[in-house]
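Here's the structure we're looking at; comments come further down.
This structure is a prediction, so every number in the text was calculated from the model and none was measured. Counting convention: from 1, in listed order, for ligands and their atoms alike.
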Amino acid sequence: MTNNIDSIVKKSKEVSLKWRDIPAPQRGEFIRQFGEELRLQKEALAQTITKEARKIKTESLGEVQEAIDMCDFAVGLSRQLYGLTMPSERPNHRLQELWHPLGVVGCITAFNFPMAVFAWNFCLAAVCGNSVIWKPSPHSNECAKSIKAAWDKVSGDFSDLILILEGGNEEAVSICKDNRITLVSATGSTKMGKELAPIVSARLGKLLLELGGNNAAIVCPSANLDLTIKGIAFSACGTTGQRCTSLRRLFVHKEIYDDCVKRLEKCFDDLIIGCPTKEDSQIGPLISEESYNSMQKVLNSLRNKGVQVLGGERLEIESPEEYYVKPALVLVDDIVDEMLSETFAPILYVKRYEDLKDAIHMQNNVSQGLSSSIFTNDMRESELFLSESGSDCGIANVNIGTSGAEIGGAFGGEKDTGGGRESGSDAWKNYMRRVTATINYGEELPLAQGVEFDES
Ligand code: UN1
C-alpha cells in the first residue's frame, strides 16, 4: 500500500508541474469540455449513483447536475483568479498579491455525494493549477471510476490530473501523512475529521474540512405551512436522511405546534419508500446494515426513556439485504442527549418553543454548525435569525429547508463541522497559495514604517 501511495503521489506531482504551466483560462477550457462530457453522460452517471449510493433518480440526476454546475462555475473562475493591488505607503512602490497553485491536493469523499463533492474540489483545484488524488468512499468506487473515465475522454495528456486511490481508513491516513500533498480536503463524519486532522496538522499541511452537521429549522407562527411542510419533508427524509445538510431538529412555535405535527405525521405516512430505480420512489434504503443499526440504537434508547417515537421501523420491501426504513418523527418535551449528535438516518426531533430567542439558542446549542433554516413571513424574525445573534451555522436559510444548497455560495460550517468552505464564492482561495509581492520601481530604497538604516 505504501508503495501504491508513493507511486501515485509521484505521478500526481509530475503532472501538476506540467499543468501549472498551462494558462488558467486554458485549464478552464479543459474543465469546460469535462462539463460537456458530464452533460452527455448525465443519465448513465446518475444510474451509477443510484446503483451505488441508492439515491432516487431525480436526486442522482441532481447530483450530476451539481457536478456540471461546478464545471461551468470553474470555467468562469479560470479568468477571475484575482489578486488585490494595495496602495503602497512608499513612493514608487507597488504592493500586490499573486495567487499560485499548491501542487497536489488530496480529496477524501463520502458515499452520499459520490460525484458532486469531488467536483466541488476537483473543478476548483484544477483551474487553480493543481492535480488531485481522490480517495472515494469504499461504497462508491464505481462512481469515482466513471468520473475519471469522463475526464479521460477530454483530458489529453493530463489524464493523471485525477488519480484514484481506492481504500478505507488506512489509505486516507496515508494521504494525510504525505507531505508532498499540500492540501487535504476531507468530507465525512466529525469523528473521521478529528482522526485525520491531527495527522495533517502535525506536518503543518493545509486542511479543508466538511464534516458532520446537526441541522435545525425553526417554524414561526407566520410561516406558510404548505411550503414549510414540503421543505421539512425534503430536508429530513430526502436522500434517506443521509446528507450532511439533512434536517435533524425542528423547533415549532407553540401556537402552531399541534397543526404542524399533525401535518408532518400525514406527510411522513404518505412518502413513497421503495427501490430507488422505481419511478415513483421518494426514499431509498439506507446505505448499510451498520447505518440501520445505529438508527435503531438511537430510537431504542429514546423509547427506553419514554420519548414518543413515530415511525422508524424497517420495511420489508424489495430485497432482504437492503435496509428500507420509515422516517422517524421524535416528539420531545425537553432536549434529550440523542439530539446532540448526528445520526446519519432519517430521524427528525420536534420540540415546541415559545420565544424565538430560545429557539435560536437551542438551535445553536450543539457542537456542529453546518446548516439552519427559519420558516417565517415576519422580517423581524428572519433578520434576527440572520444577524450576529442569530444562527451560528455556515448556512442560514429563510423559507427553505436546510439541505439542497446551490453551488454558487460557499459551502461548509463552523465548530465540529470543521470550518472549511467549498464550492462557490471565493472557496477557490483554499486551493492556491498567496504571494504578497512588493515591487520598487524607483531609484531610492525607502523602508516601511519610516525606519532609517544608513549603510554609510
Ligand atoms: C453533503 O451531504 O456532503 O446542500 C453535501 C446539499 C447538497 C450537498 C450536500 N448540495 O444538500
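Here the protein heavy atom with the shortest distance to atom 6 (C) of ligand 1 is Gly404 N, 3.2 Å. Of the protein's heavy atoms, Ala405 N, 2.7 Å lies nearest to atom 4 (O) of ligand 1. Of the protein's heavy atoms, Cys244 SG, 2.7 Å lies nearest to atom 1 (C) of ligand 1. Scanning the protein for heavy atoms near atom 7 (C) of ligand 1, the closest one is Arg243 NH1, 3.6 Å. Nearest protein neighbour of atom 11 (O) of ligand 1, counting heavy atoms only, is Thr245 OG1, 2.7 Å.
Using a 4.5 Å heavy-atom threshold, the side chains of Glu422 and Ser185 count as touching.
The N/O atoms of Trp120, backbone and side chain alike, include none that comes under 3.5 Å of an N/O atom in ligand 1. For ligand 1, the polar-atom distance check finds no N/O of Ser403 at less than 3.5 Å from any of the ligand's N/O atoms.
If you look at Trp99 and Tyr431, their ring centroids are not closer than 6.0 Å. Aromatic pair Phe122/Phe34: ring centres closer than 6.0 Å.
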Take Phe73 and Trp428, measure what ring pair (Phe, Tyr, Trp, His ring centres under 6.0 Å) needs, and give me the verdict at the end.
-> CA-CA 11 Å; Phe73 180 81; Trp428 63 271; over 10 Å; no
Begin with the C-alpha distance, continue with both residues' side-chain angles, and end with the deciding distance and a verdict on ring pair (Phe, Tyr, Trp, His ring centres under 6.0 Å) for Phe113 and Trp120.
-> CA-CA 11 Å; Phe113 271 84; Trp120 292 354; 7.4 Å; no
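Looking at Glu210 against ligand 1, only its side chain comes within 4.0 Å, counting heavy atoms. Counting heavy atoms closer than 4.0 Å to ligand 1, residue Ile407 contributes nothing at all.
Going from atom CD of Gln65 over to atom CD1 of Ile407 covers 10.0 Å, rounded to the nearest 0.5 Å.
Numbered from 1 in the order shown, with element, the atoms of ligand 1 that lie under 4.0 Å from a heavy atom of Asn112 read 1 (C), 2 (O), 3 (O).
Counting only distance, with no hydrogens or angles, the side chain of Asn377 and the backbone of Ser222 share a donor-acceptor pair below 3.5 Å.
Of the candidates Phe344, Phe111, Phe234, Phe113, Phe113 brings a heavy atom nearest to atom 9 (C) of ligand 1.
Take Lys57 and apply the side chain to side chain contact (heavy atoms under 4.5 Å, CB included) test, not counting sequence neighbours, and it matches Glu43, Leu61, Glu279.
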